[in-house]
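Presented below is the structure to which this report refers.
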Amino acid sequence: QTNNKYEEAMLLDLAGNVVLSTNPENIGRNYENKTFFRQGLLKPFSTTETDVSEFGPKAFLVSESIKNTSGKTVGIITLRSKFDVFEQIVEQPSGTGIEDESYLIGENFIPLTKTLSQTGEITSLAALNAINGRQSGYDTYQNYADNSVLGAYRWLPGLRAGVISEVASSKALLDTANLIAIIFTVGIMAILLAMIVVYQTARTISTPIKSLADTSGQLSAGDLSTRS
């Protein structure tokens, strides 16, 4: 049984096949070429997934390897979380009275949350620095709507995404840079706290499955084909 923050828990074997899932429709699917599987074999890994149709338009995934009593990796557990918690954090008004917006952008430069104007790929200075450069900072630049803005940006490795907060340059006050920096920092802290809660929940769910791996002869042998 999954926590209400999660839509699915999956157990995958070393070949990337789903052998157990809270969503029976996904049992038998193969994800060996997906980053969440390949990285999950190596270390605890979280990411935003946008190109797996059965997961929906976007999902937050947490993966962690399962080891037997001798320390050998026998598979991974992956938890799929609703993305709306991140949308709510990023899209909430700043409360400053200044017209601004904040949004998440994926590694493909497509926004993951709502923007004030409808747009496709975003290649502003902030987007390029956050996604390609894995950087944090703020600057004045032309945004996706070709408006001059003062924006702050940061790469979020846990989400594999960038977060950008912008205010129109024409509305900027003398201390706007500091103001945006504060708003941005508060937003980042909130996102990171939410991610920590999600990750800790993942660990509590993975514990009984790890115990199963330790006590089951077939799991210990590296065979996850038997369903429990």
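N147 and Q142 are not linked by any side-chain donor-acceptor pair at a separation below 3.5 angstrom, with hydrogens and angles left out of the test. In this model, a donor atom of one side chain and an acceptor atom of the other lie less than 3.5 Å apart for K67 and T73. At a cut-off of 3.5 Å, with distance as the only test, a side-chain donor of S70 or N68 sits close to an acceptor on the other residue.
Expressed to the nearest 0.5 Å, how far CG of L14 lies from CG of L41 amounts to 6.5 Å.
Using a cut-off of 4.0 Å between Lys/Arg side-chain N and Asp/Glu carboxylate O, E7 and K82 are scored as not salt-bridged.
Using a 4.5 Å cut-off on side-chain heavy atoms (C-beta onward), R29 and N17 make no contact. For the pair I27 and L20, the minimum side-chain heavy-atom distance is 4.5 Å or more.
Residues L42 and R38 approach most closely at CG-O, 3.6 Å, considering heavy atoms. Residue N23 comes nearest to E8 through the heavy atom pair CB-OE2, 3.5 Å, listed as atom of the first residue, atom of the second, then distance. Taking both residues in full, the closest heavy atoms of G162 and I131 are given as N-CD1, 3.7 Å, listed atom of the first, atom of the second, then distance. Taking each heavy atom of L112 and A161 in turn, the nearest pair found is CD1-CB, 3.8 Å. Closest of all the heavy-atom pairs between V163 and L104 is CB-CD2, 3.7 Å.
For the pairing with R80, the side-chain contact (heavy atoms from CB on, under 4.5 Å) check across V62, L61, T22 returns one residue only, L61. Put simply, the residue from Y31, F60, F83 that forms a ring-ring contact (aromatic ring centres under 6.0 Å, His included) with F55 is Y31.
Judged by distance alone, with hydrogens and angles left aside, the side-chain atoms of E64 form no donor-acceptor pair with the main-chain N or O of P44 at under 3.5 Å. Distance alone, capped at 3.5 Å, is enough to place a donor-acceptor pair between the N143 side chain and the D146 backbone.
A ring-centre distance under 6.0 Å is not found for Y153 and Y141.
Between Y144 and Y103, the ring planes lie perpendicular to each other; the angle is over 60°, past the 30° to 60° tilted range.
With hydrophobic clusters built from ILVMFWY side chains whose heavy atoms lie under 4.5 angstrom apart, W155 does not share a cluster with I110.
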